[in-house]
There are 2 protein chains.
Amino acid sequence: MADKRTQIEEVATQAIKREGFRSMSFRTLADEVGVKSSSVHYHFPTKDDLAEAVIRSYTRAFSDALDGIDRRESSLVEKIDAFNELFADVVSHDDICLCGMMAAEVSSLNDSAKAALKGFFSTSEEWLKSVFQSHAEELKSPLSAEELARIFLAGLEGATLIDRVESGSDRLAAYRALTRALVA
Amino acid sequence: MADKRTQIEEVATQAIKREGFRSMSFRTLADEVGVKSSSVHYHFPTKDDLAEAVIRSYTRAFSDALDGIDRRESSLVEKIDAFNELFADVVSHDDICLCGMMAAEVSSLNDSAKAALKGFFSTSEEWLKSVFQSHAEELKSPLSAEELARIFLAGLEGATLIDRVESGSDRLAAYRALTRALVA
DNA sequence: GTCTATATACAGATAGAC
DNA sequence: GTCTATCTGTATATAGAC
């Protein structure tokens, strides 16, 4: 079993993805890992500390998943589909992307957490941009790799937001259709 | 000056667009309209009641704005640009779409409010779909009107989410570029 | 590192006077 | 319709024992 600090990060991540950062309380986290809230404060003195740690861990895990896609998939459509699938997984568990949630709640974050949050979005857009760049010859689109990266990251974040409310995945599916339209 | 009930709805809408539904309190609303929190409860017995009322008002106002676009603009690009501009206005005030925020916080909503929220998304997608359908001859895309509607609504919701964090409007701009790519 | 206990603040909601 | 006053629950956070 992971150490307590890691356990707390994990249940916090889960809670934020489903209910949001403001809805998550130290007491609830404590109950779920089997300690008292003061022990959570030992590992993360303030909620701001926890927010930043969780955003950074999530960004690292997401970045690792992107590396995995690079290793497993070769074509443009396969890579973008695999990226789409990361979001589909989240929605299928009735969650949304942790950083999409944090973006909605950005007014509750301090400057350090906000900087970490920006890091998530730029990391993700950079990966997408490099995918579109390295498959430029397959692309039948007047849009730049950077524009496509922005369109897809924003689009999938928004798609999860709405698909979760509608209990479906019609918008993520529409983005898979868009991916195909780019190479057809 | 609007009546108290309307005033409360207006400051609640503003607060939710910026800070979120959970962050908004009856006390804060009361202070801003110059009454006590018990008076807010007179107009909206529970927070659930307020949530639903605010979502419905917002949907009505948004729908009116879409009617205005239909009256003012004629081409596909003009209409979709005007739709994009609705979201750009929101971000320029450091807010996001009220219903985008509510979608992130959907776990804090009761069934009535959730139904109203779905209404916003279907109304918006229906309008987009009818725009794409009625300009089908201009479109150089293999995507259906329905798919395009889903792509644009989700995309603009996500774009505002990220653009607000980045204090820019690069993602909304990318969607304007996408609009042009559809007819080029 | 975890606990008990507590300080302090604020949340949604209601009773009852005016 | 609005007020004062209050109930009850919960939040973040800390002090100090073990």
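Throughout, protein chains are lettered first and strands after them, A, B, ... in sequence-line order, and every chain is numbered starting at 1.
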*Tell me whether the guanidinium CZ or amine NZ of K47(A) lies under 6.0 angstrom from the six-membered ring centre of F21(A) and within 45° of its axis.*
yes
*asked:* Between N110(B) and E52(B), is the side chain to side chain donor-acceptor pair (under 3.5 Å) condition met? List the steps.
replied: CA-CA 9 Å; N110(B) 70 2; E52(B) 188 181 342; 5.4 Å; no
*Same cluster (ILVMFWY, side-chain, under 4.5 Å), Y42(A) and V11(A)*: no
*How about S92(A) and D89(A): does a side-chain donor come under 3.5 Å of a side-chain acceptor?*
no
*Euclidean distance, atom NE2 of residue H43(B) to atom P of dG1(D) [Å, nearest integer]*: 6 Å
*Whole Å only: how far is the CG atom of N110(B) from the C1' atom of dG12(C)?*
14 Å
*Does anything in residues 23-35 of chain B reach DNA chain C, meaning a heavy atom under 4.0 Å, and if so which residues?*
M24(B), S25(B), F26(B), R27(B)
*Enter the distance from S75(B):OG to I80(B):CD1 here, rounded to the nearest 0.5 Å.*
9.5 Å
_Between C1' of dA5(C) and NZ of K36(A), the distance in whole Å_ = 12 Å
*Please state whether the phosphate of dT2(D), meaning OP1 or OP2, lies under 4.0 angstrom from any side-chain nitrogen or oxygen of H41(B).*
no
*asked:* Within the 3.5 Å criterion, strictly below it, is a donor on S23(A) or R22(B) matched to an acceptor on the partner's side chain?
replied: yes
*Output the single nucleotide from dA13(D), dA13(C), dG1(D) whose closest atom is nearest the side chain of K47(A).*
dA13(D)
*Is a salt bridge present between R150(B) and D163(A), judged by a nitrogen-to-oxygen distance below 4.0 Å?*
no
*Answer yes or no: are there more than 12 heavy-atom neighbours, outside K36(A) itself, under 6.0 Å from its atom NZ?*
no
*Where along residues 7-20 of chain B does a heavy atom fall under 4.0 Å from DNA chain C?*
none
Under 3.5 Å, which protein N or O atoms sit close to an N or O of nucleotides 16-18 of chain C? Give each pair with its distance.
none

*Do the ring planes of Y58(A) and F120(A) sit parallel (below 30°), tilted (30 to 60°) or perpendicular (above 60°)?*
tilted
*asked:* Please pick, from dT14(C), dT2(C), dT2(D), the nucleotide with the shortest atom-to-atom distance to any side-chain atom of Y42(A).
replied: dT2(C)
*CA sep, side-chain torsions, deciding dist, call: F87(A), Y175(A), ring-ring contact (aromatic ring centres under 6.0 Å, His included)*: CA-CA 11 Å; F87(A) 289 82; Y175(A) 273 89; 9.9 Å; no
*Check the pair T6(B) / D3(B) against side chain to side chain donor-acceptor pair (under 3.5 Å), numbers first and verdict last.*
CA-CA 5 Å; T6(B) 307; D3(B) 65 2; 2.4 Å; yes
